[in-house]
Amino acid sequence: MADDDGDIGYSDGSEAYLLRFFEEHAVNEYELFPKDAPWAVRYHLSPRRKTLLSWLDFGPGGGRILELGAGCGALTAHLASLPHQVTAVEGAADRAAVIRARLPNAENLEVVTANAVGLPYDGLFDVVTLVGVLEYAGAFVPGAQPYVRLLAEARRYLTDDGCLILAIENRMGHKYLAGLPEDHTGRPFDGINGYPDRPGVRTFDRPTLDALLKQAGFAATRWFYPSPDYKMPDSIVAETALSRQGFAVLPLLELPSATPDGRVCPNFGERQFLRSALAGGVAGHFMNSFLVLAAPSPEAPLLAANDNVLAVAVNADSCPPLFQTMTRFEERGEGGVAVVRRNLHHLPPAQFAAGRQHIKAVEPYHLGSVSFLEMALDAVEDGDPVGAARLVTDWMELIASRARPATVGGMAGFAAFCRDQLGAGIYDGHANERWLPGSLLDAHPGNVLRHPATGDVRFIDLEWQLACDIPLQLLLDRGVNLVGQKLGAQARYLGLGESGGLPPAMERVLARHPLSRRTDTTSLARFTHWLFAAVTNGSLDHRLPPASR
């Protein structure tokens, strides 16, 4: 609640650390952050925070944006990078101080310490944001209907063709239904049970939130669903994508859900649940978070500018800016769906001796095609592990059909790569077997599609490519390992036990296949270690220390 000076006494305990951090560091908002810091600090520093808004087209510039409840400035930093005037309103004085320290050189930014309601901003702003704020209205907005009042105030601040950007948890989200603790109270099922202890914070289901928006004067809405939630999203899925014939939503979602400390697991398989919800046309009611574009008029420019977006996926915190990417899935009318990729910061591709990051700027989305990975997961969930194994062996045979006999130059190139980058030889004894071009390194089961009706096969998103040839077995091992990881993450929901891994019937089929007989887990582990380190460090010429003998 606000004190006598108007300061809202909200804190998560991170403010003093953050103020000192920003006073002592010149921060690149998209550089890797201190991952050993407490969750409350990581939450404010992670580049993933910006994915919620970084995909939106805010227009050519010159407009005015009002951020209500700006917190410690994670989203303010993105808004201030736009060619617009930004007013960040934050009710807690120490948090407003963090924003000022975080963005000392932002000439287009004004930071105001004030309550979000009662501001003298009638009709001034083209965009107003309420991100993680509405749920607290019961604590800091006076009156009998605090939630409607806050939304109505946001409407008052907007121009007639302006737009509200609202983000909030869904009290009926699949993670809450599966027993994960409510984000604000820490108690499972609290929101689902209607907050029986009246904690002063409240989230909403979709029908209730929609009704609140309409009551506050927002006649037009566009619904999007951040995954895993609006706080730390990797992807944003539009409502229109959920019903788009042939568009695959599940590969874009981070499942299963997890708490920040990873200690609490969902009580049921969320992927299976969402498959059913998608088939029944009700998935939007059960996504973990809402991102809503709401406007008084359906003619609002922000709505029109983003109406063709089906989904967005951003890689923003597992690698430095050089490798960070944004992938947009855009509706192109009669032309189908386009996949548009770019470096998140418009940086040119870097040159490396060992390989490259390959980003194809635009390519068609293959509606109706399904990856071998998703088909295998579906088969296991449907109780058909043998069918899943056959899908994996189909993928293996498909990859093997692209292989060719070893060449002296190809083997020499791979040996040099192992010496220079891995610090050890891997896949010894494969000289007389088949090899693949290094451009197919990422042709794992998640990136190879097959149309169930036509059998047409497509390769997509071959992002990481080596300059040398690679043993066929390296890619086969990567692919089977990926399937095992995905199934292992759902092991408790598939009757596989806590140890995870492939179902026994699936393992037996794979073990009998000739392409499985040269599996080399030690070599795969060494290569995987290098690839992770190279991407994390921003150089495919990264060198591991020599392997100990």
Side-chain angles (χ1 to χ4, degrees), residues 241 244-252 271 275 310-311 313 327 329-330 332 335-341 355-382 384-405 433-466 469-487 502 506 509-510 512-516 518-519:
R244 182 61 161 95
Q245 189 68 30
F247 189 83
V249 170
L250 288 176
L252 295 168
R271 187 179 186 277
R275 281 180 68 196
L310 286 172
T327 304
F329 302 86
E330 299 179 356
R332 296 289 176 93
V337 175
V339 183
V340 182
R341 293 188 181 92
R356 65 170 181 160
Q357 181 189 31
H358 173 64
I359 302 175
K360 195 169 185 178
V362 182
E363 62 181 326
Y365 184 92
H366 304 289
L367 291 166
S369 294
V370 186
S371 75
F372 281 87
L373 174 62
E374 292 297 306
M375 289 190 288
L377 296 179
D378 288 350
V380 174
E381 290 176 0
D382 293 340
D384 185 13
V386 172
R390 288 173 180 152
L391 286 162
V392 175
T393 57
D394 286 350
W395 167 79
M396 295 169 69
E397 291 169 359
L398 179 67
I399 295 301
S401 72
R402 268 107 172 131
R404 60 198 181 198
E433 299 182 14
R434 288 175 286 177
W435 289 60
L436 292 165
S439 59
L440 290 180
L441 177 65
D442 263 358
H444 55 67
N447 287 340
V448 182
L449 314 180
R450 186 170 71 187
H451 196 286
T454 66
D456 185 39
V457 171
R458 301 283 182 174
F459 288 64
I460 64 167
D461 199 19
L462 303 182
E463 181 177 7
W464 302 109
Q465 303 184 355
L466 295 186
D469 286 353
I470 58 174
L472 169 63
Q473 196 63 50
L474 169 57
L475 180 52
L476 297 183
D477 288 352
R478 285 196 77 203
V480 175
N481 183 65
L482 174 64
V483 175
Q485 286 180 336
K486 294 295 184 179
L487 288 173
L502 301 176
M506 191 174 178
V509 173
L510 291 175
R512 290 195 298 267
H513 198 280
L515 291 173
S516 295
R518 295 297 303 276
T519 296

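When a residue number appears, it is its place in the shown sequence, counting from 1.
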Inset, instruction - Output, in order, the C-alpha distance, side-chain angles, deciding distance and verdict of side chain to side chain contact (heavy atoms under 4.5 Å, CB included) for Leu398 and Val448. - result: CA-CA 9 Å; Leu398 179 67; Val448 182; 3.6 Å; yes

Who passes side-chain hydrogen bond (donor to acceptor under 3.5 Å, both in side chains) against [X], sequence neighbours left out?
X      : result
Arg404 : Asp469
Arg332 : Glu330
Asp382 : Arg275

What heavy-atom pair brings [X] and [Y] nearest, and what distance separates the two atoms?
X      : Y      : result
Gly387 : Ala379 : C-CB, 4.3 Å
Trp435 : Pro471 : CE3-N, 3.5 Å
Gly446 : Ser371 : O-CB, 3.6 Å
Ala400 : Leu515 : CB-CD1, 3.9 Å
Ala376 : Val392 : CB-CG2, 4.3 Å
Leu475 : Leu440 : CD2-O, 3.3 Å

Inset, instruction - Could you check Asp378 against Arg271 for side chain to side chain contact (heavy atoms under 4.5 Å, CB included), going step by step and ending with a plain yes or no? - result: CA-CA 9 Å; Asp378 288 350; Arg271 187 179 186 277; 2.9 Å; yes

Inset, instruction - Decide salt bridge (Lys or Arg N to Asp or Glu O under 4.0 Å) for Glu397 and Arg402; before the verdict, give the C-alpha distance in whole Å, the side-chain angles of both, and the deciding distance to 0.1 Å. - result: CA-CA 9 Å; Glu397 291 169 359; Arg402 268 107 172 131; over 6 Å; no

Let me have the donor-acceptor pairs involving side chains of residues 360-369, under 3.5 Å, with sequence neighbours excluded, atom names and distances please.
from, atom 1, to, atom 2, distance (Å)
Glu363, OE2, Arg341, NH1, 2.5
Tyr365, OH, Ala248, N, 2.9

Legend entry - For Arg512, salt bridge (Lys or Arg N to Asp or Glu O under 4.0 Å) partners two or more places apart: none

Legend entry - Selection residues 439-451 - residue pairs positive for side chain to side chain donor-acceptor pair (under 3.5 Å), sequence neighbours left out: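 Matches after skipping sequence neighbours: Asp394-Arg450, Asp442-Arg478, His444-Asn447.
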
From [X] atom [atom1] to [Y] atom [atom2], the distance as rounded to the nearest 0.5 Å:
X      : Y      : atom1 : atom2 : value
Leu391 : Thr393 : CG    : OG1   : 7.5 Å
Phe372 : Leu482 : CZ    : CG    : 13.5 Å
Leu472 : Met396 : CG    : CE    : 8.0 Å
Gln473 : Leu436 : CD    : CG    : 10.5 Å
Leu449 : Asp456 : CG    : CG    : 9.5 Å
Arg356 : Glu463 : CZ    : CD    : 11.5 Å

Can you check whether [X] reaches [Y] side chain to side chain, under 4.5 Å on heavy atoms?
X      : Y      : answer
Val483 : Trp395 : no
Leu487 : Leu377 : yes
Val380 : Met506 : yes

Legend entry - Ionic contact status for Arg390 with Asp384, cut-off 4.0 Å: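 No salt bridge links Asp384 with Arg390.
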
